[in-house]
Amino acid sequence: MMKNTFLVLLFIAAIVSCKVEVETGPKQKSEFGLVIHGGAGSIVKGQYTAEEEKEFEAKLEEALKVGHDLLKSGSSSLDVVEKVVNILEDSPLFNAGKGSVFTANEINELDASIMDGKTLNVGAVARLTKVKNPISLARTVMEKSKHVMMVGDGAEIFAEQNGFEFVDKKYFFTERRWQSLQRAKANERKEKNEDKHGTVGCVALDKNGNISAATSTGGMTNKKYGRVGDVPIIGAGTYANNSTCGISATGHGEYFIRLSVAKDIAALVEYADLSLEEAADSVIHGKLENLGGTGGIIAIDKYGNVTMPFNTGGMFRGYMLDDGISVVKMYQD
Ligand code: ASP
């Protein structure tokens with residue numbers, strides 16, 4: 001009799017403890033949301049005038065607001081990341097689309113990629129010289145070709161066939177990026193390092209739990225002809241998977257490729273059961289830093305948690321969740 005009572009009590013205790021475990025499991029922090037970046041680098045106080053700071057902040061706010069309105073009205077995360085990156089590509093402030101950095105032979109070669117975390121479909125483009133919005137071409141490669149990556153002339157023939165807007169090479173020119181190429185060349189002769197970063201990216205979680213990521217860049221100032229960085233390499237600069245999280249990176253691309261940074265963060269969440277923040281910190285402040293790489297990432301997980309670590313002076317960044325409050329930053333906290 002005593003033994004039976006004991007067994008019944010044990011059974012009840014087991015059920016209660018199961019329930020407690022379920023109830024204390026991870027909670028949805030936000031039903032939807034987006035996180036963006038406009039590049040990492042030596043972005044330190046004193047470098048920009050108050051007016052310039054305002055310009056950067058206003059553009060990031062605008063991009064967040066557009067993305068948030070779309071998510072709120074039920075748009076897919078894929079539409080949102082494309083649209084938000086288009087806004088940043090069209091701004092001369094960032095190193096993507098208009099305002100892209102110059103290569104060593106004084107032209108602009110643009111790279112981009114997009115990933116749909118629901119289907120794991122991807123599209124990537126590299127070495128574009130005429131397409132106004134590389135991220136939209138990346139999406140078209142994903143949706144209208146049998147391939148996942150197209151580069152150079154071939155990618156531009158495909159763009160033409162799909163009615164893409166082409167721009168004159170002069171469209172990408174900005175005095176600021178031109179001067180930074182001149183400085184990089186002078187510094188190269190003196191074997192000094194010039195800050196060459198700046199890229200744009202967006203990761204979004206929509207109301208249906210779908211996560212998408214998109215990244216677009218002009219690459220690195222003074223890059224050699226033919227150099228392709230991490231941005232169009234899925235798993236390095238961009239990754240998204242509904243079962244874990246989405247990531248977009250910015251920084252010294254060669255290191256992000258060597259470490260498969262974006263996929264490594266998602267893998268740590270998936271296999272090592274780390275939180276998004278722990279996973280991202282261990283890659284950016286651990287592996288990347290130990291290898292001598294610089295840059296940062298933005299990420300959102302399936303619960304709507306956001307993280308934005310970087311190991312440079314600063315990173316243009318921001319996020320907006322279902323509470324509608326936008327957070328925009330450029331310097332270290
Ligand atoms: N990651 C980019 C590249 O290496 C550059 C950047 O993010 O600033 O092409």
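For clarity, every value in this text was computed on a predicted model and none was experimentally measured. Atoms within each ligand, like the ligands themselves, are counted from 1 in listed order. Keep in mind that the numbers below use all heavy atoms, side chains included, and drop hydrogens, waters and symmetry copies.
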Student: Judging by distance only, is a nitrogen or oxygen of G251 under 3.5 angstrom from one on ligand 1?
Tutor: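 Yes, there is a polar N/O contact under 3.5 Å.
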Student: Carefully, step by step, assess D69 and K65 under the rule salt bridge (charged side-chain N to carboxylate O under 4.0 Å, His left out).
Tutor: CA-CA 6 Å; D69 285 351; K65 171 105 180 50; 3.0 Å; yes
Student: Decide side-chain contact (heavy atoms from CB on, under 4.5 Å) for M115 and N121; before the verdict, give the C-alpha distance in whole Å, the side-chain angles of both, and the deciding distance to 0.1 Å.
Tutor: CA-CA 6 Å; M115 181 157 187; N121 278 339; over 6 Å; no
Student: I'd like to check whether T217 has a polar contact with ligand 1, where a contact means an N/O of the residue lying under 3.5 Å from an N/O of the ligand.
Tutor: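 No.
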Student: For a salt bridge (charged side-chain N to carboxylate O under 4.0 Å, His left out) check, start with the C-alpha distance between E62 and K59, then their side-chain angles and the critical distance, and finish with the verdict.
Tutor: CA-CA 5 Å; E62 176 196 329; K59 192 45 83 175; 3.0 Å; yes
Student: Would you tell me which option among T199, D230, V200 has the nearest heavy-atom contact to atom 7 (O) of ligand 1?
Tutor: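 Ranked by closest heavy atom to atom 7 (O) of ligand 1, first place is T199.
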Student: Which of the atoms of ligand 1 are close to T250, meaning less than 4.0 Å from one of its heavy atoms?
Tutor: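 Here the atoms of ligand 1 in question are 6 (C), 7 (O), 8 (O).
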Student: Take K132 and D90 through the salt bridge (charged side-chain N to carboxylate O under 4.0 Å, His left out) test and state the conclusion after the steps.
Tutor: CA-CA 8 Å; K132 182 169 177 257; D90 291 345; 3.7 Å; yes
Student: Any nitrogen or oxygen of H252 lying under 3.5 Å from a nitrogen or oxygen in ligand 1? Just yes or no.
Tutor: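 Between H252 and ligand 1, no N or O pair is found under 3.5 Å apart.
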Student: Side chain or backbone, does G253 bring an N or O within less than 3.5 Å of an N or O on ligand 1?
Tutor: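 In this structure, G253 places an N or O atom under 3.5 Å from an N or O of ligand 1.
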Student: Just checking, any donor-acceptor pair under 3.5 angstrom between side chains of S326 and E61?
Tutor: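 Yes.
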Student: Short list, please: which atoms of ligand 1 are under 4.0 Å from a heavy atom of G219?
Tutor: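 Checking each atom against G219, I get 5 (C), 9 (O).
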Student: State whether K83 and D79 are salt-bridged, where the test is any N-O pair (Lys NZ or Arg NE/NH1/NH2 against Asp/Glu carboxylate O) under 4.0 Å.
Tutor: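 Looking at D79 together with K83, the answer is no, because their closest N to O distance does not fall below 4.0 Å.
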Student: Heavy-atom distances under 4.0 Å decide this one: backbone, side chain, both or neither, for R227 against ligand 1?
Tutor: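 Under 4.0 Å from ligand 1, R227 contributes side-chain atoms alone.
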